[in-house]
Amino acid sequence: MSKSENTTRIETPQAIRGTQDIFGPDADAFAHVVETFERVRRLYRFRRVEMPVFEKTAVFSRSLGETTDVVSKEMYSFEDRGGESLTLRPEFTAGLARAYITNGWRQYAPVKLATHGPLFRYERPQKGRYRQFHQIDAEIIGAAEPTVDVELLVMADQLLKELGIADGVTLTLNTLGDAESREAWRAALIEYFRAVKADLSEDSQERLEKNPLRILDSKDPRDKVFVADAPRIDDFLNAEAQDFFAAVTSGLDAAGVAWERNGALVRGLDYYRHTAFEFVTTRLGAQGTVLGGGRYDGLMESLGGPATPAVGWAAGIERLAMLVGELPYDRSDVAVVAESREREVDASVLVAAYRRAGFSAEAFVTGSPRKRYDKAQKTQPHTIVSLDFRDQQYVNGFKCDEALYPKMAEVQAILDHFIKA
RNA sequence: GCGACUGUAGCUCAGUUGGUUAGAGCGCCGGUUUGUGGUACCGGAGGUCGAGGGUUCGAACCCCUUCAGUCGCCCCA
């Protein structure tokens, strides 16, 4: 009985829309971003935190508050068996704020935290946007001084430089003022745009009610003519807020971090105060933000915690990896080829010896023995060890692809030792 | 949620105005050649032409629906 006659076709389940299986050069670039972040984060003495991937829905719905679209349409929420509404984290900040409150991390304040991992948003996938995506994240909780904003930005700047992607990426900066100045500005914007409402784009007419600050970064040319003359936050900043922003910008100048003012850079949520920033690029199509963040002094209270100043940023690992591009191929130190079946065990023993000695090594012991050498060469190892059994003789070959390979002598010594044994 | 474009072998792609048994390169597997070798040659496996329906004597090709991908809009915590 042949297979085709009696087997019913088993449907392979497909991957969830907007998820990705990252492999090969993409996976290498991804890992490089995370490794670089981990290294830089240690330089700045940020402490690593591991966070749950899901939380009670209230953790996010409270912090996101009024923007009902985001909460109702764009979160992965579900009920557990006890009927509790849970949500896959759409960001790190809210969960970290919850942990800060519930674990009493005030005792460590000001505390510098760093984490990374998957986040989930129910959105239509497009370039650099996925439903499960990954971010690196850095936060400083419990410090109200502008010096920590500067430290955080300098860290971000150094990270991008060490990733080699700082060219073509610019830091854009704005202040949203304190609660008082922010509200005054917002009221003025609404008044200004309401007067010309009929001439705004349909989208912006809607934004006027829901999220007026967002009109400022509308892409529609009909809106842009009015945006140019819209009220500026600078005219609404009180002395305290002015001083804060001046301290941040002068701190950046002193640290040698280039920045540009972008008066249209806003945050939709009320708990954001003072500094708002984005590192942007034109190299990623419509998804131009590489790294973004700001000061969110009002967040802790919206989660029922004590008033706590905090500032942080996050960056999409996939986007950073796209900018990093293809890394140089990581060649192995040694390839051990068993060119006949009699030497397969020898090859396994020898390759293990290399690995114990700290060399990256791969054994070629599968498939046609005659083709293993070619297969090994295609992986571009620095050295190739050939183990053969021909004409009733053991034959061992050694080849170093480039004379300059610094560890050639050590590799050869391990082979010699193996042959004698 | 909306729009445009795209789905053919593991990968990259051909496939004529609708017409026999759907092809190539690469990769994979087997073999021959070479025998300090990245070569060349021979052979093989592998396809519900994304899925479902319709038009037609006949559909990979035309129509509808659906799913997926890509890019953009909305949103962007």
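Everything numeric in this text was worked out from a predicted model, so none of it was measured. Within every chain, numbering begins at 1; the chains are lettered A, B, ... in the order of the sequence lines, protein sequences first and strands thereafter. No hydrogens, no waters, no symmetry mates; every other heavy atom, side chains included, goes into these values.
Of all nucleotides present, none satisfies the Watson-Crick or G-U wobble test against B:U17 with each distance under 3.5 Å. Pairing for B:A60 is absent, judged as Watson-Crick or G-U wobble with the two contacts each under 3.5 Å. The partner of B:C5 is B:G69, judged by Watson-Crick or G-U wobble contacts that both fall below 3.5 Å. Nucleotide B:G37 has no partner under the Watson-Crick or G-U criteria, as no pair reaches both atom distances under 3.5 Å. Look at B:G47: it lacks any Watson-Crick or wobble partner with both distances under 3.5 angstrom. B:G25 is paired with B:C11 under the Watson-Crick or G-U wobble criterion, all donor-acceptor distances under 3.5 Å.
Applying the ring pair (Phe, Tyr, Trp, His ring centres under 6.0 Å) test to pairs two or more places apart or on separate chains, those with a residue in residues 114-143 of chain A are A:F30-A:H134, A:Y76-A:Y122. Screening residues 272-302 of chain A for ring pair (Phe, Tyr, Trp, His ring centres under 6.0 Å) gives A:F244-A:H274 as the qualifying pairs, with residues at least two apart or on separate chains.
In this structure, A:R17 reaches the B:G69 phosphate: one of its side-chain N or O atoms is under 4.0 Å from OP1 or OP2. Close to B:C76, at under 4.0 Å from its OP1 or OP2, lies a side-chain N or O of A:N211. Close to B:C75, at under 4.0 Å from its OP1 or OP2, lies a side-chain N or O of A:R207. Close to B:C73, at under 4.0 Å from its OP1 or OP2, lies a side-chain N or O of A:K219. For the OP1/OP2 pair of B:C29 and a distance below 4.0 Å, the side-chain nitrogens and oxygens of A:K375 include at least one atom meeting the criterion. Between A:R121 and the phosphate of B:C75, there is no side-chain N or O to OP1/OP2 separation shorter than 4.0 Å.
Judged purely by distance below 3.5 Å, without hydrogens or angles, the side chains of A:S386 and A:E339 pair a donor atom with an acceptor atom. Judged purely by distance below 3.5 Å, without hydrogens or angles, the side chains of A:D223 and A:S218 pair a donor atom with an acceptor atom.
The nearest heavy atom of RNA chain B to A:P369 and to A:K399 marks one nucleotide each, and the one closer to the 5' end goes with A:P369. For the pair A:L284 and A:S386, nearest-nucleotide mapping onto RNA chain B gives the more 5' position to A:S386.
For the pair A:K378 NZ and B:U39 P, the interatomic distance rounds to 6 Å; values are reported in whole Å. A:D203 places its CG atom 17 Å from the P atom of B:G72, with the value rounded to the nearest Å. Following rounding to the nearest Å, A:D21 (CG) and B:G10 (C1') show an atom-to-atom distance of 15 Å.
B:G27 and B:A40 are spaced 10 Å apart, taking the P atom of each and rounding to whole Å.
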